[in-house]
Q: 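Have a look at this one before I ask anything.
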Amino acid sequence: MRMSQLLLPTEREAPADAQALSHILGVRAGLVRQLGAGLWTWLPAGLRVHQKIEAIIREEMNAIGGQELLMPLIQPRDLWKKTGRDQIDEIFSLSDRKGAELVLAMTHEEAVTFHVSQLVRSYRDLPLILYQLQLKGRDEPRPRAGVLRTREFIMKDSYSFDRDEAGLEASYAKHIEAYDRIFERSGLEWYRVESDVGVMGGSGAHEYMAPCPAGENEVALAPGYAANVEVASAEPSAATLGDRLGEPAEVSTPGAKTIEQVSAALELDPTALLKAFPVVTDSDKTVLAVVRGDHRVNEFKLRTALGEGFRPATDEEISDQIGPPGFIGPVSITIPVLLDDAVVGQEGGWVTGANSRDLHLVGVEPGRDFEFEAADIRSVEDGDVVDGAPIRLEAAIEVGNIFKLGTRYSEPLGATFLDQDGMKQDIVMGSYGIGPARIAAAAIEQNADEKGIAWPKSIAPWQIELVALGKAGSPELEAAEKLYGELVALGGDVLFDDRDAGPGEKFTDAELLGCPLRITLGKRSLESGALEVQARRGLAELDPIALDESSAAVILETLAQLP
RNA sequence: CGGGGCGUGGCGCAGCCUGGUAGCGCACCUGCUUUGGGAGCAGGGGGUCGGAGGUUCGAAUCCUCUCGCCCCGACCA
């Protein structure tokens with residue numbers, strides 16, 4: 001591609017409203033432009049990146065026997081009523097000129113299951129893996145960070161259809177294979193982590209996470225361990241408890257409502273305190289969740305432990321059913337107590353609220369002083385231990401997920417088959433997503449430096465940028481033209497900066513756009529007989545390449561050597 | 001949905017407090033010079049000041065409403 005003819009609007013300055021690095025650099029390098037909140041246009045260079053990612057995905061999906069198809073973005077609302085998902089807030093709704101109700105698909109479980117229910121009749125038709133790369137529409141409450149969370153985006157979504165759970169396990173394993181390869185080939189740092197299956201149930205799920213500062217998720221990492229913080233479990237750091245007493249003793253703690261205030265007032269470590277978190281469940285039960293003072297309640301785990309959704313209790317409900325807010329605790333109350341595992345079985349006395357104003361209790365011991373049910377309901381923290389190794393928490397972008405659906409969709413949509421005994425069975429499904437745009441954004445975030453982007457070779461908009469110095473008609477520009485032609489003839493993926501611009505501008509743009517290999521041909525090259533070669537990663541100067549009839553081949557070899 | 005911020009030429013901003021008919025840098029166009037790290041000189045084009053209403057002799061500026069965008073939080077199949 002000749003840069004003189006390319007729409008590549010690079011910017012010196014970052015857009016005023018951009019925060020995330022991938023947002024800033026995506027716009028500055030001329031890859032994407034915004035049309036509205038969460039609505040982005042992929043400009044030619046950015047689209048090349050997207051398409052290279054798509055190509056990797058297609059190859060790996062085909063390799064596990066996936067078959068590509070394409071389903072509509074616009075769908076009849078009735079279809080979504082059958083699964084109840086027409087009530088989701090993120091659904092974009094529209095109607096046609098006749099008043100028929102339509103939605104924009106936020107994923108395609110309904111559509112693909114609809115077709116499979118008609119097309120699959122026999123166990124002989126299974127298993128099946130179908131996939132597509134298609135737009136999704138989601139009315140996100142808060143689009144953010146450029147291309148990271150948008151209201152319209154292309155997703156690779158695949159769906160597996162199996163005869164039974166064992167079949168699903170096999171299809172799931174195939175997707176793990178394909179996904180591992182896709183993210184590896186994309187050049188990302190990535191983790192496959194256990195994830196929350198959510199209220200939809202399902203028998204298992206993993207997420208693929210790419211660590212980077214702009215990420216919206218957090219992963220807990222230790223050698224051999226990776227999990228979304230939503231589900232991560234680990235051994236807590238040690239607690240420093242107060243003295244054991246024969247029975248709880250009241251202490252005066254005037255005005256001390258927070259963990260900090262109470263631990264300061266009593267001169268005790270925050271780990272000696274119990275934090276009480278009253279919640280009201282969807283079925284209107286009040287439960288007191290209790291974690292260690294320095295720990296935080298994990299709402300995902302708590303939801304799992306409760307077996308239903310919940311909301312924090314209001315101050316009024318707390319006063320009515322437990323005690324004055326700020327001074328509540330699990331001793332001598334009538335509502336059930338859900339105690340975090342980290343609190344159970346420790347030697348020593350805990351501090352809790354006394355359920356009276358300005359009073360706390362010391363020397364409290366679970367089991368002796370209050371009844372409880374134990375569960376893992378806290379969020380892991382930096383320094384917690386897994387298999388003897390401390391974990392660290394890192395921000396990450398979710399670039400993919402895989403989910404064992406079971407019969408969540410096949411049942412309401414009537415996707416059944418006849419087994420060998422002629423018995424009608426529900427098809428067992430899985431669904432699997434990848435966001436190519438997020439892979440691009442994560443690649444930018446993970447590999448950028450102060451000069452710009454440093455793309456992984458596999459998804460760079462071009463693998464080579466040939467910078468020609470010298471004005472039109474100069475011998476060096478003519479030599480560059482010749483070299484460009486030779487590179488293209490050998491199948492090189494080359495961006496040729498043939499613009500009528502100064503060297504500074506060309507080098508700056510090249511470093512901003514971040515093609516892995518930069519070849520410079522100027523007057524000096526003609527004098528010395530050598531091309532200058534720079535690897536974008538680390539801005540490393542490589543050995544010069546002789547300027548002769550073998551140059552193009554040597555350049556491609558050099559590129560192949562790059563990691 | 002709660003909180004905060006911002007809308008002035010393609011981009012980044014000043015002007016607003018204290019009303020007087022819009023300015024700066026970059027980019028763009030023409031010409032000449034320049035060509036190894038975002039060039040120089042000269043000339044030039046481009047703005048309903050997000051929108052509507054109001055106050056006023058006069059509104060980018062003051063008032064009311066409204067739309068859009070960003071950030072934090074909530075939410076996130």
Side-chain angles (χ1 to χ4, degrees), chain A residues 7 9-20 23-24 27-28 30 33-40 80 83-92 103-111 136-146 148-151 153 155 157 159 195-202 205 207 214 216-217 228 230 299-300 309 311-312 397-398 401 403 405 408-409 431-433 435 451-452 467-477 480 497 499-512 518 520-528 531-532 534 539 541:
Chain A
L7 179 64
T10 58
E11 296 287 344
R12 284 178 119 106
E13 292 175 273
D17 52 20
Q19 302 287 321
H23 182 185
I24 292 170
V27 173
R28 283 195 53 213
R33 281 290 161 110
Q34 186 174 16
L35 190 64
L39 302 171
W40 288 82
W80 288 70
T83 57
R85 292 211 302 173
D86 63 312
Q87 293 304 314
I88 292 172
D89 290 338
E90 279 73 29
I91 291 269
F92 270 118
V103 300
L104 298 187
M106 53 191 300
T107 76
H108 284 72
E109 277 87 0
E110 279 80 359
K136 309 295 174 218
R138 297 185 186 181
D139 192 0
E140 290 285 349
R142 186 153 100 80
R144 64 175 290 275
L148 226 53
R149 178 168 291 274
T150 55
R151 295 195 291 178
F153 60 98
M155 181 190 239
D157 45 324
Y159 306 92
S195 74
D196 187 35
V197 292
V199 277
M200 294 193 9
E207 290 165 336
E216 298 184 292
N217 298 84
N228 192 317
E230 293 171 6
E299 58 184 285
F300 299 93
R311 59 170 174 83
I397 297 179
E398 180 187 345
N401 62 44
F403 202 106
L405 289 174
R408 164 71 177 86
Y409 294 90
S431 81
Y432 316 85
K451 299 278 192 179
V467 175
L469 303 178
K471 52 187 165 186
S474 66
E476 56 268 32
L477 187 58
D497 192 349
R499 294 175 299 170
D500 182 21
E505 195 176 342
K506 292 187 174 187
F507 291 142
T508 308
D509 275 348
E511 281 152 8
L512 181 58
R518 187 181 86 194
T520 306
L521 198 167
K523 199 163 26 176
R524 282 187 203 166
S525 313
L526 297 183
E527 289 161 3
S528 69
L531 299 160
E532 282 147 60
Q534 187 207 57
L539 299 172
E541 289 302 327

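Labels below follow one simple rule: chain letters A, B, ... track the order of the sequence lines, proteins then strands, and each chain is numbered from 1. Because only heavy atoms are used, hydrogens play no part in the values below, and waters and symmetry mates are left out as well, while side chains stay in.
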Q: Round to a whole Å and report the spacing from NE2 of A:His23 to C1' of B:C71.
A: 12 Å

Q: Expressed in angstrom and rounded to an integer, what is the separation of A:Glu398 atom CD from B:A77 atom P?
A: 9 Å

Q: Scan side-chain atoms only and decide if A:Thr10 and A:Asp509 contain a donor-acceptor pair under the 3.5 Å cut-off.
A: yes

Q: Have a look at A:Ala20 and say if it touches a base, only the backbone sugar-phosphate, or nothing, with a 4.0 Å heavy-atom cut-off.
A: nothing

Q: Base, sugar-phosphate, or nothing: which does A:Glu299 touch, judged by heavy atoms less than 4.0 Å apart?
A: sugar-phosphate

Q: Any strand counts, and the cut-off is 3.5 Å on both contacts for Watson-Crick or G-U wobble. Which nucleotide pairs with B:A39?
A: B:U33

Q: Would you indicate which nucleotide in B:G12, B:U35, B:C26 comes nearest to any side-chain atom of A:Arg12?
A: B:C26

Q: Identify whether any heavy atom of A:Ala14 sits under 4.0 Å from a base atom; if not, whether one sits that close to sugar-phosphate; answer base, sugar-phosphate or nothing.
A: sugar-phosphate

Q: Looking only at atom types and distance, does a side-chain atom of A:Arg138 sit under 3.5 Å from a main-chain N or O of A:Thr107, one as donor and one as acceptor?
A: no

Q: Would you please confirm or rule out a distance under 4.0 Å between OP1 or OP2 of B:A77 and any side-chain N or O of A:Gln87?
A: no

Q: Regarding A:Gln19, tell me which of base, sugar-phosphate or nothing describes its non-hydrogen contacts under 4.0 Å with the strands shown.
A: sugar-phosphate

Q: Between atom CG in A:Asp89 and atom P in B:A74, what is the gap in whole Å?
A: 17 Å

Q: Considering only atom C1', compute the distance from B:U64 to B:A59 and round it to an integer number of Å.
A: 15 Å

Q: Between B:C69, B:G37, B:A77, which nucleotide gets closest to the side-chain atoms of A:Lys451?
A: B:G37

Q: Respond yes when some side-chain nitrogen or oxygen of A:Arg144 is under 4.0 Å from OP1 or OP2 of B:C76, and no when none is.
A: no

Q: For a quick check of understanding: with a heavy-atom distance under 4.0 Å over all strands, which category does A:Thr10 fall into, base, sugar-phosphate or nothing?
A: nothing

